[in-house]
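Data block below; observations after.
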Amino acid sequence: MKTMMRDILLALPKTDIHCHLDGSVRPATVLELARRLKVKLPADTVEGLLPFVTVAPTCRSLKEFLDVFELIYPLLRDPVSVERIAYELVEDCAKENIRHVEARFAPVLQETSKFSSDQVVEAALKGLRKGFKDFGTTSSVIVCLIRSHGPKENRRAFETLKRMFRPQSRLEEPAVVALDLAGDEARYPTRDYASFYEEAKRLGIWTTCHAGETKGTENLRTALDLCVQRIGHGIHLMEDQKLVAEVVRRKIPVEIGISSNVRTKSVPDLKSHPALDFHKAGVPITLNTDDRGIIGIDLTHEYEEALALGFTLEELAKLAVDSTDHLFLPADQRARLRRRFESEARAALQKENA
Ligand SMILES: [Zn+2]
């Protein structure tokens, strides 16, 4: 019975709009990249490496979660590595019928004196483009600023975003489309990065922001004041009903990552996750992986977790279809994907009745 449900969820056409490229690396690839770059790792088998490249259920905080990336980054400061992980992300997405993925990353975490921030993005686009040709899943790129970085580094990333920003006129050609702010939210408030969001707004660059993932609603308030089009996580939203009403009125989707929130202790456990409360309150939500590699999940698993929270299969199919409305794409391209999703979702649901 359980397998059958997974089959239906697997067959649903899906999007992943909150997906960190650097958090999506396969453990086996970490090992191979290290061998190629002659970087020493704490283990030389996939099994031995798993505790170092995946976040354990005993992880206590977002900070501890982010520490896992320290081992991965030295391997990603290289064009071949970046192209490869982007390509493999598309392959992994296609395997579970994710039709469009918005991959996000912070180019300044990967740049070196020989590998500029622009080149990091170019390498990712190359991998995504190749991935589309081989596996058919389309994609785009969201550039992240990092809270713990100084204004100079974030400015560098933002200039890359400005130079490479293209509102994607053809789904088939991956492009840089949006701005995000990631990192330790508890220590670095969103208002310190307001000027980037104001500039993005002036330039017509789409924006999302990690907000309300850790305690309090102040960062959510700021994100809304900065006119973000989407919110990353937003777990603490329900603590302020005025904010809920505003998000509903402005139809701002929350990018949910259920397993990620459980793992970073944004919520104490699965059953405390507010995704269903958001949905019942009329907040648009989307289901996403966040960091499929280091959490050790896929998106289909996230749909299974949503079922466990009390969503019905029909509600999940509708969420998947509606997720196309929230993509950072021109309206005609979103509509194109939506039509495709509607017919594919109908076909997937028929499996249940067969
Ligand atoms: Zn995230």
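Atoms within each ligand, like the ligands themselves, are counted from 1 in listed order.
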Please set out all donor-acceptor pairs under 3.5 angstrom arising from side-chain atoms of residues 324-331, sequence neighbours excluded.
unit_1	atom_1	unit_2	atom_2	d
Thr324	OG1	Val321	O	2.6
Asp325	OD1	Arg338	NH1	3.2
Asp325	OD2	Arg338	NH1	2.9

**Study point:** Side chains of Asn288 and Glu255, donor plus acceptor under 3.5 Å
**Key:** no

Exercise for review: Apply the test ring pair (Phe, Tyr, Trp, His ring centres under 6.0 Å) to residues Phe311 and His279: give CA-CA distance (whole Å), side-chain angles for both, the deciding distance (0.1 Å), then the verdict.
Suggested key: CA-CA 9 Å; Phe311 283 88; His279 183 64; 5.2 Å; yes

Check your understanding: Is it true that a side-chain atom of Thr45 and a backbone atom of Gly48 form a donor plus acceptor pair closer than 3.5 Å?
Key -> yes

Check your understanding: In chain order, what residues pass the side chain to side chain contact (heavy atoms under 4.5 Å, CB included) check against Leu10, with sequence neighbours excluded?
Key -> Arg6, Glu96, Thr300

**Study point:** Listed protein N/O/S atoms, distance to the Zn ion (ligand 1) under 2.8 Å
**Key:** His18 NE2, His20 NE2, His210 NE2, Asp290 OD1

Exercise for review: List for me each residue that meets salt bridge (charged side-chain N to carboxylate O under 4.0 Å, His left out) alongside Arg163, sequence neighbours excluded, and say none if there are none.
Suggested key: Asp118

